[in-house]
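One structure below.
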Amino acid sequence: MNFKDYIRIIPDFPQPGIRFKDITTLINNGPVYRAVIDALREAVADKQIDLIAGPEARGFIVGAPLAIALGTGFVPIRKSGKLPGEVVEANYDLEYGKDKLAIHKDAIKPGQKVLIADDLLATGGTIATTINLINQLGGEVVGAAFLIELGYLDGRSKLGDVDIFSLITY
Ligand SMILES: O=P(O)(O)OC[C@H]1O[C@H](OP(=O)(O)OP(=O)(O)O)[C@H](O)[C@@H]1O
Ligand SMILES: Nc1ncnc2[nH]cnc12
């Protein structure tokens with residue numbers, strides 16, 4: 001199955017010059033959505049994983065079903081102001097702007113092994129910040145899994161020695 005056939009590219013969204021990779025057309029198709037989650041599960045099958053962490057919002061679309069497939073818990077990393085409990089927060093830059101992410105302080109116990117999941121790796125700003133938040137809680141990041149990697153933005157170089165898995169690259 002060629003996942004690229006199901007991803008729609010929208011030029012100049014959300015700002016001129018960005019070629020937006022729209023996954024709504026992929027997740028609209030049940031068998032293809034399931035095949036993506038199966039492929040990610042297989043890609044990380046050799047890892048010991050206690051928790052999946054996914055950044056809002058598209059990280060939930062990939063991370064929550066992957067957590068169910070692996071039988072782990074799921075930790076939502078949310079945009080600032082959305083989580084009700086005590087949080088740690090960090091600012092970051094992404095391909096088309098700036099934002100602030102937060103995690104509940106009690107979401108990860110020291111030493112727990114955490115796999116990050118998201119739909120897309122672009123500049124790496126979102127995931128570098130996600131790693132930072134997990135590390136602040138004492139979690140150990142064992143890898144990061146994506147449906148899409150934008151190789152031309154070299155987000156990998158921001159993620160240190162974290163193991164990175166992506167199903168397709170542009
Ligand atoms: O590697 P980066 O340059 O940081 O970009 C990648 C991030 O950008 C998108 O999220 P976005 O912040 O647009 O939020 P959304 O999931 O709520 O649409 C995408 O889902 C990744 O999380
Ligand atoms: N080009 C892109 N398409 C979809 N989501 C993105 N997040 C960051 N860059 C993106």
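Remember, it's 1-based here, ligands and their atoms both numbered in the order they're listed.
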Proximal ligand 2 atoms for Ala122, defined as those under 4.0 Å from one of its heavy atoms: 8 (C), 9 (N)

Protein residue, atom and distance nearest to atom 7 (N) of ligand 2, heavy-atom basis: Tyr96 OH, 3.2 Å

Check: Lys98 side chain, Asn91 main-chain N or O, donor-acceptor pair, under 3.5 Å: no

Flag, side chain of Lys47 to backbone of Val142, donor-acceptor distance under 3.5 Å: yes

Residue contacts for ligand 1, heavy atom to ligand atom, distance under 4.0 Å: Glu56, Ala57, Arg58, Lys79, Leu94, Glu95, Tyr96, Asp118, Asp119, Leu120, Ala122, Thr123, Gly124, Gly125, Thr126

Backbone of Val87 reached by a side-chain donor or acceptor of His104 within 3.5 Å: no

ILVMFWY network linking Val162 to Leu120, side-chain heavy atoms under 4.5 angstrom: no

Side-chain donor/acceptor of Asp119 to backbone N/O of Arg58, under 3.5 Å: no

Donor-acceptor contact present, side-chain Glu89 to main-chain Leu101, <3.5 Å: no

For atom 3 (N) of ligand 2, the protein heavy atom that lies nearest, with its residue and separation: Lys21 N, 2.9 Å

Ligand 2 contact by Leu94, heavy-atom criterion under 4.0 angstrom: no

ILVMFWY cluster, Leu159 and Leu133 together (side-chain gap under 4.5 Å): yes

Short N or O distance, Asp119 and ligand 2, threshold 3.5 Å exclusive: no

Thr72 (side chain) donor-acceptor with Ile49 (main chain) under 3.5 angstrom: no

Under-4.0 Å salt bridge between Lys79 and Glu56: no

Path from Leu51 to Val88 over hydrophobic side-chain contacts below 4.5 Å: yes

Numbered atoms of ligand 2 (with element) below 4.0 Å of Leu150, judged on heavy atoms: 1 (N)

Side chain, backbone, both or neither: the part of Arg58 lying under 4.0 Å from ligand 2 by heavy atom: side chain

Distance from atom 9 (N) of ligand 2 to nearest protein heavy atom, with residue and atom: Glu95 OE1, 2.4 Å

